Amino acid sequence: MLVTRHIVRRLSASYRLLETSKKRTVEDMTQEMLQMPVSKVPPTIQRFTSSLKMKFKSDGLDQSVKSILDRASAQLYYNCADNYDFRKLCEAFGLGDYMSSWYKLTLMHTWMVLMRLHSEFDGKAYMRLQRGLLSTMWLDIDHRLGIVSKELNQIMTGKNDMKHMHGLHLQTFFEYDEGFLHDDRVLAGAIWRCLYMNREVDPVHLLKVVTYMRSTVAWLETQDTNQILVEGISEWKQLRSTSS
(Lines give C-alpha, C1' and ligand atoms only; values in the text may rest on other atoms or scores of the structure.)
Protein backbone atom coordinates (compact mmCIF):
# COMPACT_ATOMS: atom_id res chain seq x y z
CA MET A 1 0.00 0.00 0.00
CA LEU A 2 1.31 3.46 -0.91
CA VAL A 3 2.04 5.69 2.03
CA THR A 4 2.57 9.45 1.78
CA ARG A 5 5.17 10.75 4.16
CA HIS A 6 7.15 13.93 4.44
CA ILE A 7 10.79 13.69 3.32
CA VAL A 8 12.07 14.93 6.68
CA ARG A 9 10.45 12.00 8.48
CA ARG A 10 11.98 9.60 5.97
CA LEU A 11 15.43 11.15 6.29
CA SER A 12 15.22 11.12 10.09
CA ALA A 13 14.35 7.42 10.12
CA SER A 14 17.22 6.66 7.75
CA TYR A 15 19.58 8.74 9.88
CA ARG A 16 18.70 6.72 12.99
CA LEU A 17 19.33 3.53 11.06
CA LEU A 18 22.72 4.81 9.94
CA GLU A 19 23.62 5.82 13.48
CA THR A 20 23.10 2.23 14.69
CA SER A 21 25.39 0.78 12.01
CA LYS A 22 28.47 2.98 12.26
CA LYS A 23 30.69 0.39 13.91
CA ARG A 24 31.93 -0.53 10.44
CA THR A 25 32.77 2.18 7.93
CA VAL A 26 31.61 2.14 4.33
CA GLU A 27 35.16 1.38 3.25
CA ASP A 28 35.31 -1.59 5.67
CA MET A 29 32.08 -3.07 4.33
CA THR A 30 33.13 -2.56 0.71
CA GLN A 31 36.53 -4.12 1.29
CA GLU A 32 34.94 -7.12 3.00
CA MET A 33 32.77 -7.65 -0.08
CA LEU A 34 35.75 -7.27 -2.44
CA GLN A 35 37.78 -9.83 -0.48
CA MET A 36 35.13 -12.52 -0.85
CA PRO A 37 36.14 -15.33 -3.24
CA VAL A 38 35.10 -14.82 -6.85
CA SER A 39 32.32 -17.15 -7.99
CA LYS A 40 33.17 -19.60 -10.78
CA VAL A 41 29.74 -19.02 -12.33
CA PRO A 42 29.88 -16.52 -15.23
CA PRO A 43 28.44 -13.12 -14.19
CA THR A 44 25.78 -13.16 -16.91
CA ILE A 45 24.48 -16.53 -15.67
CA GLN A 46 24.47 -15.24 -12.10
CA ARG A 47 22.41 -12.21 -13.14
CA PHE A 48 19.95 -14.29 -15.13
CA THR A 49 19.53 -16.83 -12.33
CA SER A 50 19.04 -14.09 -9.76
CA SER A 51 16.45 -12.43 -11.99
CA LEU A 52 14.49 -15.67 -12.33
CA LYS A 53 14.61 -16.34 -8.59
CA MET A 54 13.27 -12.87 -7.87
CA LYS A 55 10.52 -13.20 -10.47
CA PHE A 56 9.13 -16.46 -9.12
CA LYS A 57 10.02 -16.17 -5.44
CA SER A 58 7.06 -16.21 -3.09
CA ASP A 59 7.13 -12.93 -1.19
CA GLY A 60 3.49 -12.58 -0.17
CA LEU A 61 2.71 -9.93 -2.76
CA ASP A 62 -0.32 -10.08 -5.01
CA GLN A 63 0.55 -11.15 -8.54
CA SER A 64 -0.85 -7.94 -10.03
CA VAL A 65 1.30 -5.89 -7.65
CA LYS A 66 4.37 -7.92 -8.64
CA SER A 67 3.64 -7.27 -12.29
CA ILE A 68 3.35 -3.52 -11.74
CA LEU A 69 6.56 -3.38 -9.69
CA ASP A 70 8.51 -5.49 -12.18
CA ARG A 71 7.49 -3.32 -15.13
CA ALA A 72 8.18 -0.15 -13.17
CA SER A 73 11.62 -1.30 -11.99
CA ALA A 74 12.79 -2.11 -15.53
CA GLN A 75 11.44 1.16 -16.92
CA LEU A 76 12.92 3.24 -14.10
CA TYR A 77 16.35 1.71 -14.58
CA TYR A 78 16.44 2.70 -18.25
CA ASN A 79 15.19 6.15 -17.26
CA CYS A 80 18.21 6.36 -14.94
CA ALA A 81 20.62 5.05 -17.58
CA ASP A 82 19.41 6.82 -20.72
CA ASN A 83 17.28 9.88 -19.96
CA TYR A 84 19.80 12.27 -18.44
CA ASP A 85 22.01 14.44 -20.68
CA PHE A 86 25.30 12.55 -20.39
CA ARG A 87 27.46 14.99 -22.32
CA LYS A 88 26.01 18.01 -20.54
CA LEU A 89 26.59 16.51 -17.09
CA CYS A 90 30.12 15.38 -17.96
CA GLU A 91 30.94 18.95 -19.01
CA ALA A 92 29.27 20.50 -15.96
CA PHE A 93 30.91 18.07 -13.53
CA GLY A 94 34.34 17.90 -15.17
CA LEU A 95 34.09 14.22 -16.07
CA GLY A 96 35.64 12.47 -19.06
CA ASP A 97 33.53 10.92 -21.81
CA TYR A 98 34.12 7.37 -20.59
CA MET A 99 32.09 4.26 -19.87
CA SER A 100 33.10 4.66 -16.23
CA SER A 101 31.58 8.16 -16.12
CA TRP A 102 28.31 6.81 -17.53
CA TYR A 103 28.30 4.05 -14.91
CA LYS A 104 28.88 6.43 -12.00
CA LEU A 105 26.26 8.90 -13.24
CA THR A 106 23.79 6.06 -13.74
CA LEU A 107 24.44 4.90 -10.16
CA MET A 108 23.75 8.46 -9.00
CA HIS A 109 20.39 8.64 -10.79
CA THR A 110 19.46 5.14 -9.64
CA TRP A 111 20.19 6.13 -6.06
CA MET A 112 18.05 9.27 -6.41
CA VAL A 113 15.06 7.23 -7.65
CA LEU A 114 15.39 4.72 -4.82
CA MET A 115 15.79 7.59 -2.37
CA ARG A 116 12.49 9.00 -3.60
CA LEU A 117 10.58 5.71 -3.43
CA HIS A 118 12.01 3.81 -0.49
CA SER A 119 9.35 4.82 2.05
CA GLU A 120 6.38 4.81 -0.32
CA PHE A 121 5.87 1.05 -0.01
CA ASP A 122 5.92 -1.64 2.62
CA GLY A 123 9.21 -3.52 2.96
CA LYS A 124 8.41 -6.41 0.62
CA ALA A 125 7.13 -4.21 -2.19
CA TYR A 126 10.11 -1.85 -1.97
CA MET A 127 12.63 -4.71 -1.93
CA ARG A 128 11.06 -6.21 -5.03
CA LEU A 129 11.24 -2.84 -6.81
CA GLN A 130 14.84 -2.30 -5.72
CA ARG A 131 16.01 -5.78 -6.68
CA GLY A 132 14.23 -5.59 -10.01
CA LEU A 133 15.84 -2.26 -10.81
CA LEU A 134 19.33 -3.44 -9.84
CA SER A 135 18.90 -6.76 -11.64
CA THR A 136 18.00 -4.89 -14.83
CA MET A 137 21.00 -2.61 -14.30
CA TRP A 138 23.50 -5.47 -14.11
CA LEU A 139 22.05 -7.27 -17.12
CA ASP A 140 22.29 -4.02 -19.09
CA ILE A 141 25.87 -3.41 -17.95
CA ASP A 142 26.84 -6.92 -19.04
CA HIS A 143 25.33 -6.20 -22.45
CA ARG A 144 27.01 -2.79 -22.83
CA LEU A 145 30.40 -4.08 -21.75
CA GLY A 146 30.03 -7.01 -24.15
CA ILE A 147 29.54 -4.58 -27.03
CA VAL A 148 32.54 -2.47 -25.98
CA SER A 149 34.65 -5.61 -25.56
CA LYS A 150 33.94 -6.63 -29.15
CA GLU A 151 34.71 -3.14 -30.48
CA LEU A 152 38.03 -2.97 -28.62
CA ASN A 153 38.80 -6.68 -28.98
CA GLN A 154 39.44 -6.73 -25.25
CA ILE A 155 37.62 -8.54 -22.45
CA MET A 156 35.98 -6.01 -20.15
CA THR A 157 33.65 -8.35 -18.29
CA GLY A 158 36.21 -10.21 -16.18
CA LYS A 159 35.14 -11.43 -12.77
CA ASN A 160 37.42 -9.05 -10.90
CA ASP A 161 36.28 -6.09 -13.03
CA MET A 162 32.64 -6.85 -12.32
CA LYS A 163 33.41 -7.37 -8.67
CA HIS A 164 34.98 -3.92 -8.38
CA MET A 165 32.02 -2.38 -10.21
CA HIS A 166 29.71 -4.08 -7.73
CA GLY A 167 31.87 -2.78 -4.88
CA LEU A 168 31.58 0.77 -6.22
CA HIS A 169 27.81 0.33 -6.46
CA LEU A 170 27.59 -0.66 -2.77
CA GLN A 171 29.95 2.09 -1.64
CA THR A 172 28.11 4.72 -3.70
CA PHE A 173 24.72 3.86 -2.25
CA PHE A 174 26.05 3.74 1.33
CA GLU A 175 28.00 6.99 0.98
CA TYR A 176 25.20 8.91 -0.74
CA ASP A 177 22.71 7.73 1.88
CA GLU A 178 24.87 9.06 4.68
CA GLY A 179 26.07 12.17 2.87
CA PHE A 180 22.59 13.28 1.84
CA LEU A 181 21.41 13.19 5.46
CA HIS A 182 24.14 15.59 6.53
CA ASP A 183 25.28 18.98 5.28
CA ASP A 184 26.76 19.80 1.88
CA ARG A 185 30.31 19.29 3.15
CA VAL A 186 29.63 15.65 4.02
CA LEU A 187 27.74 15.05 0.77
CA ALA A 188 30.60 16.62 -1.18
CA GLY A 189 33.00 14.19 0.49
CA ALA A 190 30.84 11.26 -0.57
CA ILE A 191 30.70 12.57 -4.14
CA TRP A 192 34.46 13.09 -4.22
CA ARG A 193 35.08 9.49 -3.18
CA CYS A 194 32.41 7.84 -5.36
CA LEU A 195 32.15 10.01 -8.47
CA TYR A 196 35.71 11.36 -8.65
CA MET A 197 37.36 8.35 -7.00
CA ASN A 198 39.46 10.50 -4.63
CA ARG A 199 41.12 12.30 -7.54
CA GLU A 200 41.90 16.01 -7.69
CA VAL A 201 38.74 17.93 -8.57
CA ASP A 202 37.74 21.54 -9.15
CA PRO A 203 35.61 22.62 -6.14
CA VAL A 204 33.24 24.36 -8.57
CA HIS A 205 32.49 21.02 -10.23
CA LEU A 206 31.96 19.41 -6.84
CA LEU A 207 29.52 22.13 -5.81
CA LYS A 208 27.60 21.65 -9.06
CA VAL A 209 27.14 17.94 -8.31
CA VAL A 210 25.92 18.67 -4.77
CA THR A 211 23.42 21.20 -6.09
CA TYR A 212 22.30 18.85 -8.86
CA MET A 213 21.67 15.95 -6.49
CA ARG A 214 19.78 17.95 -3.88
CA SER A 215 17.66 19.85 -6.41
CA THR A 216 16.87 16.69 -8.39
CA VAL A 217 15.73 14.79 -5.30
CA ALA A 218 13.66 17.84 -4.34
CA TRP A 219 12.02 17.80 -7.78
CA LEU A 220 11.33 14.06 -7.54
CA GLU A 221 9.54 14.73 -4.26
CA THR A 222 7.05 16.91 -6.14
CA GLN A 223 6.15 14.10 -8.54
CA ASP A 224 3.24 11.75 -7.88
CA THR A 225 4.36 8.23 -6.97
CA ASN A 226 1.80 6.55 -9.20
CA GLN A 227 2.94 8.68 -12.11
CA ILE A 228 6.56 7.70 -11.52
CA LEU A 229 5.66 4.01 -11.47
CA VAL A 230 3.43 4.08 -14.52
CA GLU A 231 5.04 6.71 -16.74
CA GLY A 232 8.60 6.65 -15.45
CA ILE A 233 10.90 9.68 -15.64
CA SER A 234 11.08 10.94 -19.20
CA GLU A 235 13.20 13.95 -18.27
CA TRP A 236 15.37 14.75 -15.27
CA LYS A 237 14.55 18.14 -13.80
CA GLN A 238 15.64 20.17 -10.80
CA LEU A 239 13.65 22.16 -8.27
CA ARG A 240 15.27 25.54 -8.11
CA SER A 241 15.68 27.33 -4.80
CA THR A 242 13.40 30.33 -4.34
CA SER A 243 15.75 32.00 -1.86
CA SER A 244 17.72 35.00 -3.05
Side-chain angles (χ1 to χ4, degrees), residues 1-3 5 7 10 14 17 30 33 43-84 86 89 99-145 162-163 165-177 180 194-195 213 216-217 219-221 223-237:
M1 178 181 296
L2 295 177
V3 181
R5 294 179 182 175
I7 185 172
R10 178 160 69 255
S14 298
L17 180 61
T30 303
M33 190 283 300
T44 302
I45 301 299
Q46 293 182 47
R47 316 270 190 235
F48 184 70
T49 302
S50 176
S51 179
L52 286 178
K53 286 182 178 179
M54 185 200 70
K55 188 175 183 64
F56 295 105
K57 181 180 179 181
S58 176
D59 50 18
L61 295 173
D62 182 81
Q63 189 58 45
S64 62
V65 174
K66 290 182 181 181
S67 179
I68 293 172
L69 293 174
D70 291 346
R71 286 197 302 268
S73 63
Q75 175 176 253
L76 285 171
Y77 163 69
Y78 285 107
N79 294 158
C80 294
D82 299 332
N83 287 3
Y84 62 87
F86 174 72
L89 290 188
M99 176 76 178
S100 59
S101 297
W102 169 84
Y103 174 59
K104 290 180 287 187
L105 288 173
T106 296
L107 284 179
M108 177 191 296
H109 287 81
T110 300
W111 174 84
M112 288 192 290
V113 165
L114 292 174
M115 176 70 181
R116 165 64 179 84
L117 297 175
H118 86 275
S119 71
E120 297 292 338
F121 307 94
D122 63 26
K124 292 179 180 179
Y126 173 74
M127 289 305 297
R128 187 173 187 89
L129 179 75
Q130 181 197 58
R131 289 169 181 167
L133 195 155
L134 294 178
S135 177
T136 304
M137 180 183 79
W138 289 114
L139 288 171
D140 180 52
I141 288 173
D142 285 340
H143 177 68
R144 291 177 190 250
L145 288 178
M162 297 303 295
K163 192 173 183 179
M165 290 183 72
H166 185 57
L168 179 59
H169 146 239
L170 293 178
Q171 178 177 341
T172 296
F173 279 24
F174 279 128
E175 294 250 25
Y176 287 172
D177 275 348
F180 196 83
C194 299
L195 185 63
M213 289 182 67
T216 301
V217 171
W219 173 75
L220 287 171
E221 286 293 328
Q223 303 303 296
D224 179 71
T225 300
N226 290 319
Q227 182 178 348
I228 292 176
L229 292 178
V230 175
E231 300 180 12
I233 303 171
S234 60
E235 182 181 3
W236 292 87
K237 300 181 180 180

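Every value quoted in this text rests on a predicted model; they were computed, and no experiment measured them.
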Could I get the full list of side-chain hydrogen bond (donor to acceptor under 3.5 Å, both in side chains) partners for Asp140, not counting sequence neighbours? Tyr77, Arg144
With sequence neighbours excluded, residues passing ring-ring contact (aromatic ring centres under 6.0 Å, His included) with Trp102: none
Walk me through it: do Val217 and Trp111 pass the test side-chain contact (heavy atoms from CB on, under 4.5 Å)? CA-CA 10 Å; Val217 171; Trp111 174 84; 4.2 Å; yes
Looking only at heavy atoms, the pair that brings Lys104 and Cys194 closest together is CD-O, 3.4 Å
ring-ring contact (aromatic ring centres under 6.0 Å, His included) against Tyr84, all qualifying residues, sequence neighbours excluded: His109
Which atom pair, heavy atoms only, marks the closest approach of Gln75 to Val230? NE2-O, 3.4 Å
Show the nearest heavy-atom pair for residues Ala125 and Asp122, with the distance to one decimal. N-OD1, 2.9 Å
Go through the steps to decide whether Met162 and Leu145 satisfy the test side-chain contact (heavy atoms from CB on, under 4.5 Å), and finish with yes or no. CA-CA 10 Å; Met162 297 303 295; Leu145 288 178; 3.7 Å; yes
Could you walk me through whether Leu220 and Met112 pass the side-chain contact (heavy atoms from CB on, under 4.5 Å) check? CA-CA 8 Å; Leu220 287 171; Met112 288 192 290; 4.1 Å; yes
Do Thr225 and Arg116 meet the criterion of a side-chain donor-acceptor pair at a distance under 3.5 Å? yes
Separation between CZ of Arg128 and CD of Gln130, rounded to the nearest 0.5 Å: 13.0 Å
Here the pair of heavy atoms bringing Trp219 nearest to Glu235 is CH2-O, 3.4 Å
Using side-chain heavy atoms (C-beta onward) and a distance below 4.5 Å, is Leu117 in contact with Leu76? yes
Check whether any side-chain heavy atom of Thr110 sits under 4.5 Å from a side-chain heavy atom of Leu134, and report yes or no. yes
side-chain contact (heavy atoms from CB on, under 4.5 Å) for Trp138 and His166? Distances and angles first, verdict last. CA-CA 9 Å; Trp138 289 114; His166 185 57; 3.6 Å; yes
When rounded to the nearest 0.5 Å, the distance separating CD of Gln223 from CD of Glu231 is 10.0 Å
Taking all non-hydrogen atoms of both residues, which atom of Leu105 and which atom of Phe86 are closest, and how far apart? CD1-CD1, 3.9 Å
Please round to the nearest 0.5 Å and tell me the distance separating atom CD1 of Ile233 and atom CD of Gln227. 10.0 Å
Which distance, rounded to the nearest 0.5 Å, do you find between the CE of Met108 and the OG1 of Thr106? 10.0 Å
Under 3.5 Å donor-acceptor, Ser73 side chain and Asp70 backbone: yes
Asn79 and Trp236 side chains, donor-acceptor separation under 3.5 Å: no
Answer whether the closest heavy-atom distance between the side chains of Met213 and Thr216 falls below 4.5 Å. no
For the residue pair Phe173 and His169, categorise the inter-ring angle as parallel (less than 30°), tilted (30 to 60°) or perpendicular (more than 60°). perpendicular
From Leu107 CG over to Gln171 CD, what is the distance, rounded to the nearest 0.5 angstrom? 11.0 Å
So how far is it from Lys124 NZ to Lys66 NZ, rounded to the nearest 0.5 Å? 10.0 Å
